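A quick note: this is a predicted structure, and the numbers were derived from the prediction, not measured. Note: hydrogens, waters and symmetry copies are ignored here, and every other heavy atom, side chains too, is used.
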Amino acid sequence: TVTVGDKTTTEDITPEAEQPALTVEKKADKEKDVKAGETINYTITVTNTGNVTLTDISVEDTLNKLDKDGKELSTESLDIYEDAEYKTKVTSIDKLEVKGENNVSSKTLYAKYKVTQEDIDNQVKLSNTATANNTPSDPAETEVEDATPGYNIEKTATLEGTSKDKAEVGDSIKYIITVENTGNVTLHDIIVTDATMNKSTTVETLNVNSGKVLVIEFTHIVEESDFK
């Protein structure tokens, strides 16, 4: 009500309608060529873009592992922390106040994921999405390093029980065959064959960084026929 002189004017003022709203932004510090054992650090920024204070805002973080065709292989939830040192876990934000159009109120949270050897073997794409009050972020996507399979096979011979430089009939020679995974992916069902000595075996699994693995060991007694 406004009074000017002997005139009084009354005007109804309708308050602005409440419009709660928020946005969620997800970022990863690594986007490609991530190796097994490396950690991807994520930031989650939740911003109050509405006109009312938001309270008790639930937050979740979901990691999807996709194959090269985009098909989902697995899904897991990541812990969310309120600090970049990953000390204090949280599941919600207590309050986000309204601070005006250009001075919005936001909160940054943190998550992390350590890439596994299985991720490299499966050549997955890591697609991570954060959600606050059922509002999802755009996914932050990271590609692991390309698969580069490789191995090295080594055969050694040792003349046993003698200091001679050359073997003679009746001498004993010990043979050892080792295989080493020199690539970045796990190898399976490797057939190792020594055609000369008619020896063969199958290595079911050869892990990355496992060093030289003994696959065949045998002793041969030198015969006359060996010199023919």
Verify the distance criterion only: is there a donor paired with an acceptor across the side chains of Y86 and D79 at less than 3.5 Å?
no
Would you please say whether a donor-acceptor pair under 3.5 Å links the side chains of N48 and S105?
no
I'd like to know if E38 and K30 make a salt bridge, using a cut-off of under 4.0 Å between side-chain N and carboxylate O.
no
Using modelled atom types and a 3.5 Å cut-off, is there a donor and acceptor pairing between side-chain atoms of N133 and backbone atoms of I57?
no
Spacing of NE2 belonging to H220 relative to CG belonging to D171, to within rounding of 0.5 Å:
10.5 Å
Rounded to the nearest 0.5 angstrom, the NZ-OG1 distance for K32 and T142 is 12.0 Å
Heavy-atom neighbours of [X] [atom1] exceed 12 at 6.0 Å:
X: D189; atom1: CG; result: yes
X: E217; atom1: CD; result: yes
X: E60; atom1: CD; result: no

Does Y110 have any ring-ring contact (aromatic ring centres under 6.0 Å, His included) partners at least two apart in sequence or in another chain, and if so, which?
none
Counterpart residues, ring-ring contact (aromatic ring centres under 6.0 Å, His included), relative to Y113 (two or more places apart):
none
Take E141 and K125, measure what side chain to side chain contact (heavy atoms under 4.5 Å, CB included) needs, and give me the verdict at the end.
CA-CA 7 Å; E141 296 187 337; K125 175 184 285 187; 3.7 Å; yes
Yes or no on side chain to side chain donor-acceptor pair (under 3.5 Å) for N152 and T182, after CA distance, side-chain angles and deciding distance?
CA-CA 7 Å; N152 182 57; T182 59; over 6 Å; no
Partner of V59 under side-chain contact (heavy atoms from CB on, under 4.5 Å), picked from I44, L109, V24, is L109
For the hydrophobic clusters of this structure (ILVMFWY residues joined by side-chain heavy atoms under 4.5 Å, transitively), does one cluster hold both V215 and I173?
yes
Working note: Q123 + D146, criterion side chain to side chain contact (heavy atoms under 4.5 Å, CB included); need CA distance, chi angles, decisive distance, verdict.
CA-CA 7 Å; Q123 290 290 279; D146 291 338; 4.1 Å; yes
